[in-house]
Amino acid sequence: MPTRRRFVRDCSSLLAGGVAALRGAPVLAAQVADAGAGSLTDVPGIRVGHATDPRRPTGCTAILFDAPVTAGVDYDGSAPGEMLGVMLQPVSPLQHIHGLLLTGGGPMGLEAVSGAVRYLEARQVGYDWGIPNVRIPIVVGAVIDDLALGDGRIRPDAALAMRACEAASAGPVPEGSVGVGAGATVGKMFRSRKLGGMKGGVGSVSVRAGEVVVAALSVVNAAGDIRDWRTGRLVAGARALDGRTLVDSAAQLRRDLEATRSRATVGLDDEPLRATTLTVIATNVALDKTSLTKLAMMANTGAARAINPYHTNGDGDQVITISTGRLTSTASLTAIGAVAAEAAAHAILRGVEQATGLDGWPAVRDLR
């Protein structure tokens with residue numbers, strides 16, 4: 001399995017090459033300040049905080065900014081659970097957002113976004129509405145469905161979101177089964193056939209090439225399996241009846257297609273809204289909304305390298321991209337996008353590698 005150090009080295013060289021090519025200079029190795037570390041907060045001006053509900057595996061993750069950021073989005077999933085994401089389209093005149101809230105609880109978990117709005121409003125963060133003492137924070141929300149773990153009536157609310165905001169810091173982002181990743185699971189397409197899934201979670205990485213920083217945070221709650229995209233090895237996903245062997249969901253779906261030739265009835269768990277992988281890509285490079293939309297599209301290809309099948313009929317997958325705009329760079333969007341795709345794939349891999357198992361949902365570390 002590729003190490004984080006190798007991943008950062010390879011991506012940094014690619015990004016440095018993109019910059020050098022535009023300048024007409026030879027491709028040089030990028031300088032990596034600390035190749036062994038990396039998280040979304042390595043992009044200056046970004047803070048991340050988790051809040052986990054102790055009553056059942058669910059929670060939320062707040063992503064806040066020192067100054068408003070430009071953002072874009074790519075919705076290729078069939079059933080995304082989101083709030084205000086339409087504002088991120090290039091045709092929207094809204095240029096900046098003030099926060100992101102990623103939350104469990106399925107569609108009803110979007111209630112928690114109001115807590116992040118209140119937190120920012122109390123600090124006079126938001127658009128000037130032309131009314132005395134009123135600021136309007138734009139907080140984009142995105143949800144995963146974790147209602148099947150524990151009592152589904154317990155869901156993230158405004159109070160939990162405020163706790164996540166209060167916990168937000170510029171330090172390394174905790175990974176695994178925390179915040180929005182507390183109830184995340186993967187490999188869920190064949191549960192009705194008694195083939196269990198595994199625990200997902202939050203993963204984060206970053207890449208630095210000179211002054212350019214590209215970072216990713218993913219919460220992995222996929223219907224499909226997770227692969228090490230460089231070796232093709234299955235890492236987490238649907239488990240056979242022995243509880244330890246990985247089934248290979250894509251191969252099982254091919255077998256299901258063969259079964260339909262004999263008109264056999266094949267059960268598949270792929271209901272809308274039940275599985276979603278959320279990915280946030282951040283960079284310090286100044287990019288407009290159109291460029292960030294393209295960046296989200298490119299990053300989504302990285303998620304497809306790590307998850308198979310991806311963008312199923314029931315998935316609500318989302319990629320949100322943000323630019324703090326602190327750096328004017330000659331780096332090409334193609335180079336940034338290529339690195340973002342690699343970062344997304346690696347963050348997804350880390351999301352399952354760092355997870356902690358639950359009863360009936362073992363983690364990668366439990367099967368080693």
Side-chain angles (χ1 to χ4, degrees), residues 15 18-19 22 40-48 62-77 80-102 110 113 116-117 120 125-129 135-143 206-207 211-218 276-303 311 316-344 347:
L15 188 54
V19 176
L22 278 181
L40 195 74
T41 50
D42 288 342
V43 176
I46 295 179
R47 310 188 307 278
V48 176
I63 302 175
L64 305 179
F65 315 112
D66 292 349
V69 301
T70 310
V73 69
D74 186 31
Y75 292 129
D76 283 342
E82 54 82 26
M83 178 178 287
L84 294 184
V86 69
M87 298 284 195
L88 306 186
Q89 296 179 91
V91 295
S92 169
L94 191 78
Q95 292 300 312
H96 298 98
I97 66 170
H98 306 96
L100 295 171
L101 189 78
L102 313 181
L110 287 170
V113 176
V117 172
L120 293 173
V125 173
Y127 283 102
D128 184 347
W129 224 244
R135 291 274 175 170
I136 305 296
I138 301 300
V139 178
V140 174
V143 298
S206 70
V207 181
E211 294 181 301
V212 175
V213 185
V214 178
L217 181 148
S218 291
T276 293
T277 295
L278 306 175
T279 298
V280 177
I281 300 292
T283 182
N284 60 338
V285 177
L287 297 172
D288 60 22
K289 290 175 69 175
T290 300
S291 297
L292 285 166
T293 301
K294 181 60 180 179
L295 182 62
M297 293 176 180
M298 293 186 71
N300 224 337
T301 67
H311 290 339
D317 306 312
Q318 307 172 41
V319 176
I320 298 170
T321 47
I322 55 179
S323 164
T324 60
R326 293 192 175 191
L327 178 69
T328 300
S329 172
T330 58
S332 73
L333 184 60
T334 295
I336 296 171
V339 171
E342 290 278 290

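Quick note: numbers below take in every heavy atom, side chains included, and nothing from hydrogens, waters or symmetry partners.
Distance alone, capped at 3.5 Å, places no donor-acceptor pair between the S218 side chain and the A347 backbone. At least one donor-acceptor pair under 3.5 Å links the side chain of S92 to the backbone N or O of M87. Judged by distance alone, the side chain of D317 and the main-chain N or O of H311 form a donor-acceptor pair under 3.5 Å. Checking side-chain atoms of N284 against main-chain N and O of P44 turns up no donor-acceptor pair under 3.5 Å. Side chain of E342 to main chain of V339: no donor-acceptor pair is present (N/O by atom type, distance under 3.5 Å, no hydrogens or angles). Checked by atom type and distance alone, the side chain of T293 pairs as donor or acceptor with a backbone atom of K289 at under 3.5 Å.
Residues K294 and L333 have side chains in contact (heavy-atom distance under 4.5 Å, counting atoms from C-beta outward). Contact annotation: the side chain of R326 approaches that of D66 to within less than 4.5 Å [non-hydrogen atoms, C-beta and beyond]. Contact check for V143 versus T276: no side-chain heavy atoms found under the 4.5 Å cut-off. Between I138 and H96 the shortest side-chain heavy-atom distance does not fall below 4.5 Å. Here the side chains of V280 and L102 are in contact, with some heavy-atom distance below 4.5 Å. Side-chain atoms of V140 and M83, non-hydrogen and from C-beta on, never get closer than 4.5 Å to each other. Between I46 and I322 the shortest side-chain heavy-atom distance falls below 4.5 Å. The shortest side-chain heavy-atom distance between T324 and F65 does not fall under the 4.5 Å cut-off.
Atoms CG and CG, from L64 and L101 in turn, are 9.0 Å apart once rounded to the nearest 0.5 Å. With rounding to the nearest 0.5 Å, the separation of CG in L94 from CG in L88 is 8.0 Å. Note that the OG1 atom of T321 and the CG atom of D74 stand 8.5 Å from one another [nearest 0.5 Å]. One distance of note links OG1 of T70 with CG of L287; it measures 8.5 Å at 0.5 Å rounding.
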* Test R47 against I63 for side chain to side chain contact (heavy atoms under 4.5 Å, CB included), laying out the working first. => CA-CA 6 Å; R47 310 188 307 278; I63 302 175; over 6 Å; no
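For the pair P68 and H98, the tightest heavy-atom approach, listed with the atom from each and the gap, is CG-CD2, 3.7 Å. For the residue pair V285 and S323, the shortest heavy atom distance occurs at O-OG, 2.6 Å. Scanning both residues, I97 and A71, for their nearest heavy atoms gives CD1-CB, 3.8 Å.
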